[in-house]
Amino acid sequence: MYERIRKQLSEMVGSQQGTISRGSNSGTDHVPEFEPHRHIRLLTYNIQVGINTSSYHHYFTRSWQHVLPYRKRVENLDKISALLRNYDVVALQECDGGSLRSGFINQVQYLAEASGIPYWYQQLNRNLGRLAQHSNGLLSRYRPLDVTEHKLPALIPGRGAIVARYGDPEDPLVLVMMHLSLSAQAQNRQLRFIRDLVSEYRHVVLMGDMNNHAEQLLRNTPLSETDLVPLPATAHSFPSWRPERALDHILVSPSLEIRKAEVVNHPVSDHLPIAMDISLPSGYVEKF
C-alpha cells in the first residue's frame with residue numbers, strides 16, 4: 001500500500017513543482033481511548049532520516065544521503081519499526097516528511113504504519129521543499145486529548161516541540177517531545193519556553209534529543225526551577241557505536257513511577273534510543 005502512495009506522491013510532486021509538503025497527522029477516529037490503569041512504555045529516538053552511521057568518518061562518506069535518495073533507507077526504517085512495536089508512545093527526531101532524499105516518503109507515517117501504531121503526528125520544522133522536510137514525530141497507541149505543535153525560539157529557525165495531553169482534561173498527563181539546538185544560549189531560550197508550557201501541570205514527561213547532559217539541563221537552564229527526575233548520568237546515547245555522551249533524555253515528574261529505564265542497544269542511527277516504562281499515581285487512575 002505504501003509503495004502505491006509513494007508513487008502517487010512522486011508523480012504529484014513531479015507535476016506540481018510549486019507544491020510544498022506540510023506537517024500532518026493520521027486523525028484519531030480509529031485510535032483506542034487512553035487506558036490510564038496500564039503502564040506506559042515510552043521511547044525517544046533520533047533516527048537521522050534513516051541513515052545508518054557506525055563511525056565518525058561516515059559523517060563525510062555518507063553525507064550525500066542527507067540530500068539524495070538511498071535504496072537502503074527503507075530497510076533502515078523497517079529495522080527501526082521492528083523496535084517501535086514494543087512501545088506505546090514514541091518521540092521521533094530528525095525525520096523527513098516526504099522529499100527527494102526520502103523517496104517522497106513521510107517517514108513518520110511510514111514508521112507508524114510499519115510498526116502498527118495507530119496514531120501519528122508529523123511536525124514540519126524546516127521546509128526545504130522537494131529537497132528536505134525536516135520534522136519531528138509522535139507515534140501513539142492511545143488517543144490524545146489534543147496535540148499542539150510549537151516553534152522553539154532560535155537564531156536559526158527550525159527547532160520544534162510537540163505537546164500531547166492524555167487522560168483527565170482537568171489533570172492530564174502531558175508529554176512534550178522536542179529537538180533542541182546545539183548552543184547553550186538557544187537551549188536556555190527553548191527550555192524557558194517549554195518550562196512555561198508545562199508549569200501548571202502535575203504529570204509531565206519531557207523527551208527527545210536535548211543536545212546536552214541531564215546535569216547541565218537540570219542545573220544550568222530554566223529546568224532547574226522544576227522537579228523533573230532524570231535518567232542515571234550513565235545513560236549515554238551518542239554516538240551509537242561508542243556511546244559516551246548523554247544527549248537523549250526522558251525527564252519525568254516525581255508523581256510518575258519509573259518502572260524501568262534504559263538505553264536501547266539498537267544502533268541504526270548515530271543516536272541510540274532511550275526507553276522508559278512509567279505508571280501513573282493510583283489516585284490519578286481511580287478518577288477513571
Side-chain angles (χ1 to χ4, degrees), residues 23-45 84-92 108 112 115-123 136-152 160-179 190-208 210 217-218 222-231 249-261 274-288:
S24 56
N25 68 86
S26 65
T28 59
D29 290 344
H30 61 298
V31 183
E33 295 285 352
F34 180 59
E35 299 180 18
H37 61 278
R38 297 176 54 188
H39 61 97
I40 303 172
R41 302 163 298 176
L42 306 173
L43 186 84
T44 181
Y45 202 171
L84 303 189
R85 295 188 187 107
N86 300 310
Y87 298 93
D88 300 312
V89 180
V90 177
L92 299 171
V108 179
S115 59
I117 298 178
Y119 180 79
W120 59 269
Y121 189 100
Q122 174 227 343
Q123 179 191 29
N136 290 337
L138 159 67
L139 309 184
S140 178
R141 295 191 186 279
Y142 306 121
R143 182 184 303 173
L145 293 170
D146 50 54
V147 177
T148 56
E149 63 173 78
H150 303 267
K151 301 299 183 183
L152 295 177
I162 301 172
V163 180
R165 302 192 313 148
Y166 294 86
D168 182 358
E170 302 299 321
D171 187 24
L173 170 65
V174 180
L175 275 61
V176 185
M177 289 137 279
M178 70 197 77
H179 190 184
Q190 292 163 359
L191 292 173
R192 184 176 298 110
F193 179 87
I194 289 168
R195 178 205 61 193
D196 293 343
L197 277 180
V198 302
S199 61
E200 297 181 0
Y201 298 111
R202 290 197 306 155
H203 315 298
V204 174
V205 178
L206 304 187
M207 52 198 300
M210 302 187 192
L217 293 169
L218 295 175
L223 292 187
S224 64
E225 301 171 24
T226 71
D227 54 1
L228 294 170
V229 179
L231 292 164
H249 302 283
I250 301 179
L251 312 174
V252 301
S253 297
S255 63
L256 302 172
E257 177 190 352
I258 300 175
R259 294 160 50 102
K260 182 180 180 182
I274 299 288
M276 182 178 286
D277 190 327
I278 64 171
S279 58
L280 295 171
S282 58
Y284 185 90
V285 174
E286 289 167 4
K287 294 181 182 180
F288 296 82

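Heavy-atom basis, side chains included; hydrogens, waters and symmetry copies ignored.
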To the nearest 0.5 Å, what is the distance between [atom1] ([X]) and [atom2] ([Y])?
{"X": "Ile40", "Y": "Arg259", "atom1": "CD1", "atom2": "CZ", "answer": "10.5 Å"}
{"X": "Tyr201", "Y": "Ser255", "atom1": "OH", "atom2": "OG", "answer": "14.0 Å"}
{"X": "Ile194", "Y": "Leu251", "atom1": "CD1", "atom2": "CG", "answer": "10.0 Å"}
{"X": "Leu280", "Y": "Glu257", "atom1": "CG", "atom2": "CD", "answer": "10.0 Å"}

Does some side-chain heavy atom of [Y] sit less than 4.5 Å from a side-chain heavy atom of [X]?
{"X": "Trp120", "Y": "Leu92", "result": "no"}
{"X": "Val174", "Y": "Leu197", "result": "no"}
{"X": "Leu206", "Y": "Leu228", "result": "yes"}
{"X": "Tyr142", "Y": "Arg38", "result": "yes"}
{"X": "Arg195", "Y": "Glu225", "result": "yes"}
{"X": "Val205", "Y": "Val89", "result": "no"}

(message) For a quick test of reading the model, state the closest non-hydrogen atom pair linking Tyr87 to Leu42 and the distance between them.
(response) CD2-O, 3.7 Å
Is a side-chain donor or acceptor of [X] paired with a backbone partner of [Y] at a separation under 3.5 angstrom?
{"X": "His150", "Y": "Val163", "result": "no"}
{"X": "Asp88", "Y": "Arg41", "result": "yes"}
{"X": "Arg165", "Y": "Pro144", "result": "no"}
{"X": "Thr44", "Y": "Ile274", "result": "no"}

(message) Checking Asn136 against His179: is there a side-chain donor and acceptor pair closer than 3.5 Å?
(response) no
(message) Among Thr28, Thr148, Leu138, exactly one meets side-chain contact (heavy atoms from CB on, under 4.5 Å) together with Tyr121. Which residue is that?
(response) Leu138
